[in-house]
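Below, chain A is the first sequence line, B the second, and so on; all start at residue 1.
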Amino acid sequence: MNAATARAPHYWLMKSEPDECSIDDALAAPGQTVPWTGVRNYQARNFMRDGMQVGDGVLFYHSSCPEPGIAGIARVASEVRTDPTQFDPASPYHDGASKPDAPRWLLRDVQALRKTRLLPLAELRAHPGLATMVVLQRGSRLSITPVEPGHWTLIVDGLLGGR
DNA sequence: GCCAACGTTGGC
DNA sequence: GCCAACGTTGGC
């Protein structure tokens, strides 16, 4: 990496069902790092493949649960690689149409940095400064969305008070 | 390429 | 469990 190839960090919001992998689960994993398996949407996959860079900031979001919202801070911890669950017939993420010599689905490793207070979806929606957040747009269902630097700062340093 | 049918997401 | 919204599939 040199000055010509370096770029400012990007930021992301990544949804996880806490029943499957909560922020506590991620913090308890070896190296506080988990493979982000199960992404089966091309746009979200492309964000991981083309948009992310090791070190990018991640808002760790709990979805499909009693208290949806941001639960922690993490970072992108690996280059993109094949998601092995697509080839596992026993996995709910199995994709029989994906061939090992041309894997359809990819993942990044994600390292949890810290748990935050649960910042509820309703609080995100209520904040005027976050009105244009991608994840808050009507009909947005993507499990991975980009986060603008200003939104990151507002959330991490503002609403979460840096804690 | 169109588009209806179907499947999935995810908040409520 | 409901349902709005969106993505994918597949016939034509």
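Not a single donor-acceptor pair, N or O on each side, falls under 3.5 Å between the base of B:dT8 and the side chain of A:R40.
Checked against B:dG10, B:dG11, C:dG7, the side chain of A:Y61 finds its nearest nucleotide in B:dG11. For A:R141, whose side chain is taken as the heavy atoms from C-beta onward, the closest listed nucleotide among C:dT8, C:dC6, B:dC12 is C:dC6.
Side-chain atoms of A:D88 and A:T85 include no donor-acceptor pair closer than 3.5 Å.
The interatomic distance linking A:D95 (CG) with B:dG7 (C1') rounds to 14 Å, in whole Å. Atom-to-atom, CG of A:L121 to C1' of B:dT9 comes out at 14 Å; the value is rounded to the nearest Å. Summarising the geometry, the separation between CD on A:E20 and C1' on B:dG10 is reported as 14 Å, rounded to the nearest angstrom. The interatomic distance linking A:L142 (CG) with B:dG11 (C1') rounds to 16 Å, in whole Å. Distance, A:N41 CG to C:dT9 P: 11 Å, rounded to whole Å. Counting to the nearest Å, the P atom of C:dA4 and the CG atom of A:L136 are 21 Å from each other. Here the P atom of nucleotide B:dT8 and the CZ atom of A:R45 are 19 Å apart, to the nearest Å. Whole-Å rounding puts the A:L118 CG to B:dG11 C1' distance at 14 Å.
In this structure, A:T145 and A:Q137 have side chains that are not in contact, with every pair of non-hydrogen atoms separated by 4.5 Å or more.
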- Would A:R40 and A:D95 satisfy salt bridge (Lys or Arg N to Asp or Glu O under 4.0 Å), going step by step from the backbone distance to the final call? CA-CA 9 Å; A:R40 295 294 180 269; A:D95 181 355; 5.4 Å; no
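Put simply, the side chain of A:H62 gets close to the backbone of A:I23: a donor and an acceptor are under 3.5 Å apart.
Contact annotation: A:Y42 does not reach the phosphate of C:dC6 (side-chain N/O to OP1 or OP2, under 4.0 Å). In this structure, A:K15 reaches the B:dG10 phosphate: one of its side-chain N or O atoms is under 4.0 Å from OP1 or OP2.
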